[in-house]
**Q** 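One structure coming up, written as structure tokens, with questions to follow.
The chain is numbered in sequence order, starting from 1.
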Amino acid sequence: MRKLYVLILSVFLLALTTPASYAADNGSWSVYPVSTQIAARPYFYLSADPGQTLRDKVTVANKTGAPLTFRLYAADAYNTARDGGFAVRTVKERQLGVGAWAHPARSRVTVPAHGSVTVPFTLRVPEKAEPGDHPGALVALDERLESGDAATSSVAVQRAVGARIYLRVGGPTVPALAVEKVRISHHQPLVPGLGESGATVSYTLHNTGNVTLNPKVRLRAEGLFGRTLLSRGLTKVPSELLPGQRVRLTEPWHGAPQLDWGHVTLTASAPGTRESASTSFVALPWLMAVLAGAGIAAAVVVIRARRSGSGPWLGAPGGSTRPWWLRVRRGRARPSVPVRASRPVRTTPSRRRSSPSARP
């Protein structure tokens with residue numbers, strides 16, 4: 001059976017007080033920037049101009065009781081489609097930013113049990129690099145494949161840990177945010193008032209600028225006559241929306257109206273930018289929707305038939321427009337029966353009356 005390979009990558013960071021606590025860690029090994037004389041760094045936060053070269057060091061620590069060998073590489077970061085989390089490209093994917101510009105001095109490193117190894121790396125920013133933020137990570141990948149039961153499992157797992165890199169290239173910074181493709185779907189009971197109703201609002205959050213944003217999103221719903229049905233800030237929003245990234249998000253609306261007409265508006269904001277998008281909705285229970293649809297369909301048929309001058313309830317063009325049932329009823333009440341012609345009546349010829357002057 002062909003196995004599906006899954007890469008599990010840990011790039012989360014803990015902001016505590018010791019250098020080891022700043023490391024991205026999966027329990028077996030950790031990756032973190034070399035500490036400076038002033039303080040420990042939770043991540044690589046670098047700035048450079050186009051054409052500039054930076055040099056730094058990364059430490060890989062082994063927490064197990066046996067030596068571990070890792071593939072060390074740089075990767076571009078992106079937001080996951082599921083929840084907008086911070087993730088990085090795999091070693092086999094094409095790298096365009098930090099993943100293509102950063103090069104560790106060693107691509108493979110063996111770390112002794114309960115030991116650590118520090119590796120220098122060089123980051124060369126191209127002359128034509130676009131200004132703004134270019135996030136990424138330095139990743140220590142264990143290339144061994146792990147599976148629970150080799151006989152029955154069809155999934156093999158590779159684990160990796162990455163230390164985040166936040167690189168800002170000098171030049172104009174443009175924070176910009178867009179809310180796109182707002183949709184609302186209702187979940188209505190069959191009969192009004194019998195059962196709970198709800199709705200799901202979906203939308204796309206798009207960072208159209210060149211800097212990383214920490215967006216805030218607010219949902220507002222208004223019903224007929226401008227009544228406020230819902231107004232709240234959303235919590236299921238990425239804490240870091242990277243430049244150029246789109247994330248499709250959904251928000252449940254429990255207790256949405258069963259019968260109403262209005263619109264929902266989503267407003268996204270971050271320092272230096274604020275954008276909104278809306279969509280209208282008609283809340284209608286299923287039974288009423290079916291009846292309304294049937295009534296509309298019947299009305300359309302009647303209108304079309306009247307315009308064409310034909311139909312079972314209309315007469316011929318230019319003729320009677322009485323309903324067919326009325327014409328049939330009248331025809332039955334007064335049937336057409338042949339009648340015998342009556343005899344001609346013989347009239348008595350009138351006698352000419354003499355004039356008064358002719359009398360004796």
Side-chain angles (χ1 to χ4, degrees), residues 79-85 175-209 213-241 245-308 311-314 323:
N79 289 106
T80 61
R82 181 175 61 88
D83 57 2
L177 192 61
V179 182
E180 304 168 343
K181 299 179 180 179
V182 180
R183 304 285 187 272
I184 181 170
S185 58
H186 287 271
H187 319 290
Q188 301 282 16
L190 180 61
V191 180
L194 299 180
E196 296 183 356
S197 62
T200 300
V201 179
S202 59
Y203 63 100
T204 296
L205 206 56
H206 184 192
N207 185 344
T208 58
L213 299 176
N214 179 15
K216 308 296 181 185
V217 180
R218 189 163 191 85
L219 171 63
R220 181 179 177 85
E222 294 182 352
L224 199 60
F225 308 118
R227 294 176 299 111
T228 300
L229 304 175
L230 178 68
S231 181
R232 68 165 181 252
L234 306 187
T235 58
K236 297 179 181 179
V237 179
S239 59
E240 292 179 304
L241 188 60
Q245 293 294 299
R246 288 184 175 92
V247 179
R248 188 69 179 170
L249 302 169
T250 59
E251 182 69 19
W253 180 6
H254 301 292
Q258 296 187 14
L259 185 62
D260 210 331
W261 176 29
H263 62 275
V264 295
T265 301
L266 285 157
T267 302
S269 60
T273 180
R274 180 185 178 89
E275 291 293 336
S276 298
S278 302
T279 188
S280 58
F281 69 89
V282 176
L284 195 63
W286 288 109
L287 184 58
M288 295 184 65
V290 170
L291 295 177
I296 293 173
V300 169
V301 172
V302 171
I303 292 172
R304 287 182 177 177
R306 288 188 180 278
R307 287 180 177 177
S308 62
W313 49 84
L314 297 175

**Q** For the NZ atom of Lys216 and the OG1 atom of Thr235, what is their distance to the nearest 0.5 Å?
**A**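 If I round to the nearest 0.5 Å, the distance is 10.5 Å.
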**Q** Nearest 0.5 Å please: distance from the OG1 atom of Thr200 over to the CD1 atom of Ile184.
**A**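 Those atoms lie 8.5 Å apart.
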**Q** So which heavy atom on Ala268 is nearest to which on Leu177, and how close?
**A**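 Nearest heavy atoms, Ala268 then Leu177: CB-CD2, 3.5 Å.
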**Q** Short question: side chain of Thr80, backbone of Gly85 - any donor-acceptor pair under 3.5 Å?
**A**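 Yes: the side chain of Thr80 pairs with the backbone of Gly85.
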**Q** Is the shortest side-chain heavy-atom distance between Val179 and Leu205 below 4.5 Å?
**A**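 Heavy-atom side-chain distance check passes, below 4.5 Å.
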**Q** Working to the nearest 0.5 Å, report the span between CG of Leu219 and OG1 of Thr265.
**A**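 Reported value, rounded in 0.5 Å steps: 8.5 Å.
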**Q** Roughly how far apart are Asn79 CG and Glu240 CD, rounded to 0.5 Å?
**A**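 Output value for this atom pair is 8.0 Å.
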**Q** Looking at every non-hydrogen atom in both residues, tell me the closest pair between Leu230 and Arg232 and how far apart they are.
**A** CD1-NH1, 3.3 Å
**Q** Show the nearest heavy-atom pair for residues Ala178 and Thr208, with the distance to one decimal.
**A** CB-CG2, 4.1 Å
**Q** Ignoring hydrogens and geometry beyond distance, is a side-chain donor-acceptor pair present between Arg274 and Thr267 at under 3.5 Å?
**A**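 Judged by distance alone, the side chains do not pair up.
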**Q** Hey, what do you get for OG (Ser202) to CD (Glu251), rounding to the nearest 0.5 Å?
**A**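 These two atoms lie 11.0 Å from each other.
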**Q** Which residues pass the salt bridge (Lys or Arg N to Asp or Glu O under 4.0 Å) test with Arg248, sequence neighbours left out?
**A**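 Residues passing salt bridge (Lys or Arg N to Asp or Glu O under 4.0 Å) with Arg248: none at all.
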**Q** Check whether any side-chain heavy atom of Pro215 lies under 4.5 Å from a side-chain heavy atom of Asn207, and answer yes or no.
**A**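 Not in contact.
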**Q** Any salt bridge (charged side-chain N to carboxylate O under 4.0 Å, His left out) pairs touching residues 176-186, not counting sequence neighbours?
**A**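 As it turns out, the salt bridge (charged side-chain N to carboxylate O under 4.0 Å, His left out) pairs with a partner in residues 176-186, which skip direct neighbours, are Glu180-Arg246.
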**Q** Supply the atom-to-atom distance Leu266 CG to Ser278 OG, rounded to the nearest 0.5 angstrom.
**A** 8.0 Å
**Q** Does any non-hydrogen side-chain atom of Tyr203 lie less than 4.5 Å from one of Leu234?
**A** yes
**Q** Write down the atom of Ala256, the atom of Gly198, and the distance for their closest heavy-atom approach.
**A** CB-C, 3.8 Å
**Q** Parallel, tilted or perpendicular, judged at 30° and 60°: which one describes the rings of His186 and Phe281?
**A** tilted
**Q** Determine the minimum heavy-atom distance between Leu249 and Pro238, stating which atoms define it.
**A** CD1-CD, 3.8 Å
